[in-house]
Amino acid sequence: MSDLSADLMALYSKRILALTAAIPHLGRLEAPQASVSRRAPLCGSTTAVDLSLGPDGRVAEFAQEPKACALGQASSAILGGGVIGRTPEELAAARDALKAMLKEGAPPPEGPFHDLEVLTAARGYANRHASILLAFEAAAEAAAEARKRDPKS
């Protein structure tokens, strides 16, 4: 097996493929405080995120519709598993940590999104980064928008 084949096998590991089969919070919310749709121009992956913040300013409701490669779907699954109860600042920090992990070799985020470490194999595939970041970018943007619309939350 060539080095490239081994790298691709690591990139699309069983763990990543298992995540794609169990993406939490699929669908759309009926009346979200904010909705954001994003598209990765290079690969065409898309996602739509709906969310609402509770009175404590934390994500109370969340739904997503990812249409992405396996890596983007795995990222969406990890986001969906940890998004409820997070603040807009925590989502922005997770987005930034994921970006640093992919582009700068930083360690994976800690806390509710620690499973993003499964995507460290994608560091060397810059053409996949936009798809991986898509869900976290949309969620952080939606949370910030929801906060602006209802600053009491």
Side-chain angles (χ1 to χ4, degrees), residues 11 13-123 125-126 128-153:
L11 192 57
S13 69
K14 287 181 183 179
R15 189 166 161 215
I16 286 174
L17 296 177
L19 285 166
T20 68
I23 301 172
H25 305 290
L26 285 176
R28 302 301 298 261
L29 294 180
E30 194 170 309
Q33 286 177 326
S35 295
V36 171
S37 295
R38 301 280 306 235
R39 181 178 181 276
L42 185 62
C43 67
S45 292
T46 63
T47 195
V49 165
D50 297 332
L51 64 72
S52 294
L53 302 177
D56 61 355
R58 296 177 176 278
V59 176
E61 295 180 296
F62 177 81
Q64 60 182 336
E65 282 191 337
K67 293 181 180 17
C69 66
L71 299 173
Q73 289 182 31
S75 180
S76 294
I78 294 164
L79 171 69
V83 69
I84 300 296
R86 304 286 74 80
T87 65
E89 295 79 14
E90 288 172 316
L91 291 176
R95 174 205 57 213
D96 295 346
L98 175 57
K99 187 174 184 178
M101 180 189 88
L102 292 171
K103 297 184 181 295
E104 301 165 15
E110 294 183 8
F113 304 114
H114 68 277
D115 284 342
L116 287 168
E117 70 77 25
V118 73
L119 296 167
T120 56
R123 285 178 173 150
Y125 297 89
R128 302 284 194 245
H129 293 179
S131 182
I132 294 168
L133 288 163
L134 211 55
F136 280 85
E137 289 172 342
E141 185 179 333
E145 183 62 32
R147 164 92 33 91
K148 284 182 203 169
R149 289 182 181 177
D150 186 7
K152 295 179 299 237
S153 60

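Here the structure is a predicted model, which means the values were calculated and not measured.
One distance of note links CZ of F62 with OG of S52; it measures 11.5 Å at 0.5 Å rounding. Separation of atoms CG (L53) and OG1 (T87) is listed at 9.0 Å; rounding is to 0.5 Å. L42 CG to H129 NE2: the interatomic distance, rounded to the nearest 0.5 Å, is 11.0 Å. Rounded to the nearest 0.5 angstrom, E137 CD and I132 CD1 are separated by 11.0 Å. How far CG of L71 is from OH of Y125: 10.0 Å, rounded to the nearest 0.5 Å. If you take CG on L19 and CD1 on I78, they are separated by 5.0 Å, rounding to the nearest 0.5 Å.
Shown here is E89, whose CD atom has more than 12 heavy atoms of other residues, nucleotides or ligands within 6.0 Å.
The two residues I23 and P66 have their closest heavy-atom pair at CD1-CG, 4.0 Å. Residue S131 comes nearest to A40 through the heavy atom pair N-CB, 4.2 Å, listed as atom of the first residue, atom of the second, then distance. Between V59 and L51, the shortest heavy-atom distance links the atoms CG2-CD2, 4.2 Å. Considering all non-hydrogen atoms of both residues, G85 and E90 come closest at O-OE1, 4.0 Å. When every heavy atom of S37 is checked against every heavy atom of A48, the shortest pair comes out as OG-CB, 3.7 Å. In this structure, L116 and P109 approach most closely via the heavy-atom pair CD1-CG, 3.7 Å.
When the salt bridge (Lys or Arg N to Asp or Glu O under 4.0 Å) test is applied to R95, no partner is found at least two apart in sequence or on another chain. Residues satisfying the side-chain hydrogen bond (donor to acceptor under 3.5 Å, both in side chains) test with S35, not counting sequence neighbours, are D50.
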CA sep, side-chain torsions, deciding dist, call: L79, L91, side chain to side chain contact (heavy atoms under 4.5 Å, CB included):
CA-CA 9 Å; L79 171 69; L91 291 176; 4.2 Å; yes

Kindly indicate, with the supporting measurements, whether the criterion side chain to side chain contact (heavy atoms under 4.5 Å, CB included) is fulfilled by E61 and E30.
CA-CA 10 Å; E61 295 180 296; E30 194 170 309; over 6 Å; no

Show your working on side chain to side chain contact (heavy atoms under 4.5 Å, CB included) between R38 and V49 and close with a plain yes or no.
CA-CA 9 Å; R38 301 280 306 235; V49 165; over 6 Å; no

Determine, stepwise, if the pair K103 / L133 fulfils side chain to side chain contact (heavy atoms under 4.5 Å, CB included).
CA-CA 11 Å; K103 297 184 181 295; L133 288 163; 4.2 Å; yes

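Taking the side chain as every heavy atom from C-beta outward, T47 and F136 never approach each other to under 4.5 Å. Contact of the L134 side chain with the S75 side chain is not registered, since no non-hydrogen atoms from C-beta on lie closer than 4.5 Å.
Side-chain N or O atoms of R128 include none that pairs as donor or acceptor with a backbone N or O of C43 at under 3.5 Å. Side-chain atoms of T120 come within 3.5 Å of backbone atoms of E117 as a donor-acceptor pair (strictly under, hydrogens ignored). Remark: side-chain polar atoms of R149 are paired, donor with acceptor, to backbone N or O of Q33 under 3.5 angstrom. Between the side chain of Q64 and the backbone N or O of P24, at least one donor-acceptor pair lies under 3.5 Å.
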